[in-house]
Amino acid sequence: GIDIRTPFLDSLAEDGVFFEDCFSTSNITVPSHASIMTGLSPKEVGIIDNITALSGGAETLAEAFRDEGYYTAAVLSTMHLGHDNSGLGQGFERMFTSTQDKQVGQVSIESVREIFRSEGDQPVFLWLHLFDAHAPYLPPDEYRNEYYPRDRNPYTQGSGITDGNRAVWDKRLRDLEFILCQYKSEVTYLDALLAEVFDTPAFEDSIIAFTADHGESLGGHGIFFRHRGLHTS
């Protein structure tokens, strides 16, 4: 029921197994990813923030694949997921970690290509993490008007911006609809990137698991452009 174009993800849902009723274990990046990689809750691994690292004694998905003969690699688009901070490098033979808070998806895609240029014939377990659909919402120029009218100026037209939802990355904006449209543009941009990655011979017989660590708050419960608080609906 949302006007957003994700043809690649739609095709995954149509051709694969689609889980309609899922819950994130946490609305914080590192704890949620620790759960994804271990199958354990934040309470079990003892991580409830972005500055606590996973214990070296934890068993991870990457270690399981490595022990079965897979070449294990990770491409991470934000610096706080790096092993030194998160401990999530366990089991990975190669890990590309962003040196920035938010790395553009296209840069991460180039790292994926580098991995497959060097891995040879060994089967691969790849963790690709993309971060574009996260504030600040700054899609590439060609996606800027994917959902927002080209003839409308968000700096002089529109409304809805208050002190509670002002975009801290661009305080001159006055149209709330523009910011929400930029979020959707980021999602459509990432969908195109994923199609670009997986529509290659290297992934012809692959199993692809797509998920998110948490969502963004886009006005629900009066919260904008961040992820905090727990709510039943």
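Just so you know, these numbers use all the heavy atoms, side chains as well, and skip hydrogens, waters and symmetry mates.
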Separation between [atom1] of [X] and [atom2] of [Y], rounded to the nearest 0.5 Å:
X: I28; Y: H33; atom1: CD1; atom2: NE2; value: 13.0 Å
X: Q90; Y: T72; atom1: CD; atom2: OG1; value: 12.0 Å
X: T6; Y: K184; atom1: OG1; atom2: NZ; value: 11.5 Å
X: N145; Y: R152; atom1: CG; atom2: CZ; value: 11.5 Å
X: D101; Y: H134; atom1: CG; atom2: NE2; value: 9.5 Å
X: S24; Y: H214; atom1: OG; atom2: NE2; value: 7.0 Å

Grouping ILVMFWY residues whenever side-chain heavy atoms fall under 4.5 Å, the cluster of I47 otherwise contains V30, M37, L40, V45, L54, L61, F65, Y70, L76, L81, L88, F92, M95, F125, W127

Students should find that the hydrophobic cluster of I4, defined by side-chain heavy atoms under 4.5 Å apart, otherwise consists of I2, Y137, L138, Y147, Y148, Y155, I161, V168, W169, L173, L176, F178, I179, L180, Y183, V187, L218, F224, F225

Before giving the answer on side chain to side chain contact (heavy atoms under 4.5 Å, CB included), spell out for L12 and F198 the whole-Å C-alpha distance, their side-chain angles and the decisive distance to 0.1 Å. CA-CA 11 Å; L12 277 186; F198 293 118; over 6 Å; no

Would you say the side-chain atoms of [X] pair up with the backbone N or O of [Y], donor to acceptor, closer than 3.5 Å?
X: S32; Y: D213; value: yes
X: D49; Y: T52; value: yes
X: N85; Y: I51; value: no

Could you check if a side-chain atom of [X] sits within less than 4.5 angstrom of a side-chain atom of [Y], using non-hydrogen atoms only?
X: T78; Y: Q103; value: no
X: R94; Y: E114; value: yes
X: P31; Y: N50; value: yes
X: E93; Y: R66; value: yes
X: F19; Y: T211; value: no
X: S26; Y: S35; value: no
X: D175; Y: S159; value: no

Counting only heavy atoms not in [X], do more than 12 fall under 6.0 Å of its [atom1]?
X: E142; atom1: CD; answer: yes
X: D15; atom1: CG; answer: yes
X: E110; atom1: CD; answer: yes

side-chain contact (heavy atoms from CB on, under 4.5 Å) partners of [X], counting only residues at least two apart:
X: D141; result: none
X: L193; result: Q106, I109, Y189, L190, E196
X: A209; result: none

Tightest non-hydrogen contact, residues A133 and E216, listed as O-CG, 3.7 Å

All heavy atoms of H83 vs all of G89, minimum pair found to be ND1-N, 2.9 Å

ask   = Going through the checks in order, is the side chain to side chain contact (heavy atoms under 4.5 Å, CB included) test met by T29 and H80?
value = CA-CA 9 Å; T29 303; H80 59 277; 3.6 Å; yes

Distance-only polar pair, side chains of [X] and [Y], donor-acceptor under 3.5 Å:
X: S77; Y: S108; value: yes
X: E63; Y: T60; value: yes
X: E146; Y: T188; value: no

message: Using salt bridge (Lys or Arg N to Asp or Glu O under 4.0 Å), reason through R5 and D10 one step at a time and then give a plain yes or no.
response: CA-CA 9 Å; R5 291 176 285 280; D10 291 347; over 6 Å; no

Are [X] and [Y] in one and the same hydrophobic cluster, where Ile, Leu, Val, Met, Phe, Trp and Tyr link if side-chain heavy atoms are under 4.5 Å apart?
X: F18; Y: L9; answer: no
X: L130; Y: Y143; answer: yes
X: L128; Y: I36; answer: no
X: V104; Y: M79; answer: no
X: V107; Y: F131; answer: no

Hits for salt bridge (Lys or Arg N to Asp or Glu O under 4.0 Å) against D170, two or more places apart or cross-chain, chain-then-number order -> R172

- Is E186 salt-bridged to K102, cutoff N-O under 4.0 Å? yes

For Q157 and R174: C-alpha separation, side-chain torsions, deciding distance, then whether side chain to side chain contact (heavy atoms under 4.5 Å, CB included) applies. CA-CA 7 Å; Q157 298 171 276; R174 58 175 289 182; 5.9 Å; no

request  = Evaluate side chain to side chain contact (heavy atoms under 4.5 Å, CB included) for Y71 paired with L126, printing each intermediate quantity in order.
outcome  = CA-CA 8 Å; Y71 178 79; L126 170 70; over 6 Å; no

